[in-house]
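Let me begin by presenting the structure, written as structure tokens, before commenting on it.
Throughout, protein chains are lettered first and strands after them, A, B, ... in sequence-line order, and every chain is numbered starting at 1. When reading the values below, keep in mind they use all heavy atoms of this one structure, side chains included, and skip hydrogens, waters and symmetry mates.
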There are 2 protein chains.
Amino acid sequence: MNIGEAAKASGVPAKTIRYYESVNLIPPAHRTDSGYRTYEPADIERLSFIQRSRSLGFSVRDVGKLLDLWNDRSRASAEVKALATSHMTEIDQKIAELRSMRKTLKDLSEHCHGDDRPDCPILDGLAGG
Amino acid sequence: MNIGEAAKASGVPAKTIRYYESVNLIPPAHRTDSGYRTYEPADIERLSFIQRSRSLGFSVRDVGKLLDLWNDRSRASAEVKALATSHMTEIDQKIAELRSMRKTLKDLSEHCHGDDRPDCPILDGLAGG
DNA sequence: CCTTGACCTTCCAGTTTATGGAAGGTCCAT
DNA sequence: ATGGACCTTCCATAAACTGGAAGGTCAAGG
């Protein structure tokens, strides 16, 4: 599987895969004799996970930590558990914020007439959340 | 209210407030005779909204669009409604992804023993979510 | 066999969204 | 009037990409 297919399969652009390799987020890919990078299904899973984590606002560094644990199975599982728990807390917080923001937007659109009348007072609520 | 107080009140660092001004995300602040920026409560609300939106993964550009609508009350409310709705969809998606990710992590920590035993198979699940 | 087009490679430059620090002005309390 | 905590601008750096140039590779068709 070359980098283009890997990009399609994982949702991470080829350019970005190379970038991730360059900053050691992922290990150097195996190469064909001619120098093309090749990827295994396991690599795709890893890339998908990175993709998902990044889109949800986790830093590359955070993702790196999780991947380290994933790679080094011999680590104490207490450490894995602690990291997972801390990430879960972060996630809960993000979900709460998103819900609050969603509510603001919902109020906003419900109180707006949806026609051309310009009295849409709910925009005022945006800051409050 | 000077920039330091505004920073504390809004949660946006002073440095970042100046940056937002420099890229026209917010209008230039009023100045004292000596050149210090001053901020009103309304400015703080705006900054808080920006802060919240950014932390949830909305781009500065997206935030800018919403702020534009907020500023220009005379716009058709249909437009406001459309933008709000589109953002709500995005938010729903983000929430769904976070929940999926949370579930993965929960499974992970539940199946881990939390002691020093190294058999923590759930790390394998990370890519799947 | 050779060409054509879609891949791949590296490298360097630019973008977005800040953040850090230097050099210097301001404000206020002692 | 002087120290320290503010503020100012400007320039450099960071993180996480993204685009483009210059050139190598591969598979298909003529």
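- Summary of the strand contacts: A:Glu5 and B:Arg61 both lie near DNA chain C, and taking for each the nucleotide with the nearest heavy atom, the more 5' one is attributed to A:Glu5.
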Report the C-alpha separation of A:Arg46 and A:Ile26 in whole Å, then their side-chain angles, then the decisive distance to 0.1 Å, and conclude whether the side chain to side chain contact (heavy atoms under 4.5 Å, CB included) test is met. CA-CA 8 Å; A:Arg46 178 192 303 244; A:Ile26 55 177; 3.7 Å; yes
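- Between B:Lys8 and A:Pro13, the residue anchored closer to the 5' end of DNA chain D is B:Lys8, taking for each the nucleotide with the nearest heavy atom.
- Positionally, the nearest nucleotide of DNA chain D for B:Ala14 lies more toward the 5' end than for the other of B:Ala14 and A:Thr32.
- No more than 12 heavy atoms of other residues, nucleotides or ligands sit less than 6.0 Å from atom CZ of A:Arg61.
- Between the NZ atom of B:Lys15 and the P atom of C:dG20 there is a distance of 8 Å, given to the nearest Å.
- Residue B:Ile50 contributes atom CD1, which lies 17 Å from atom P of C:dT16 at whole-angstrom precision.
- Two residues are said to be in side-chain contact when any heavy atoms from C-beta on lie closer than 4.5 Å; B:Arg102 and A:Asp92 meet this criterion.
- Taking the side chain as every heavy atom from C-beta outward, B:Tyr39 and B:Asn2 never approach each other to under 4.5 Å.
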Does the pair B:Lys94 and B:Ile91 meet the rule for a side chain to side chain contact (heavy atoms under 4.5 Å, CB included), with working shown? CA-CA 5 Å; B:Lys94 276 173 193 283; B:Ile91 286 174; 5.6 Å; no
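- Contact check, B:Thr16 against C:dT17: no side-chain N or O comes under 4.0 Å of OP1 or OP2.
- Side-chain contact between A:Met1 and A:Ile44: present, with at least one pair of heavy atoms (C-beta onward) separated by less than 4.5 Å.
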May I have the step-by-step check of side chain to side chain contact (heavy atoms under 4.5 Å, CB included) for B:Leu98 and A:Leu98, ending in yes or no? CA-CA 10 Å; B:Leu98 281 168; A:Leu98 281 168; 3.6 Å; yes
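- Within residues 33-41 of chain B, the residues having any heavy atom under 4.0 Å from DNA chain C are, by residue number, B:Ser34, B:Tyr36.
- Extent of DNA chain D lying under 4.0 Å from chain B heavy atoms, first and last nucleotide in 5' to 3' order, is D:dC6 to D:dT9.
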Donor-acceptor list for residues 8-21 of chain A side chains, cut-off 3.5 Å, not counting sequence neighbours:
from	atom 1	to	atom 2	distance (Å)
A:Ser10	OG	A:Ala6	O	2.8
A:Ser10	OG	A:Val12	N	3.1
A:Glu21	OE1	A:Ala29	N	3.3
A:Glu21	OE1	A:Arg37	NE	3.0

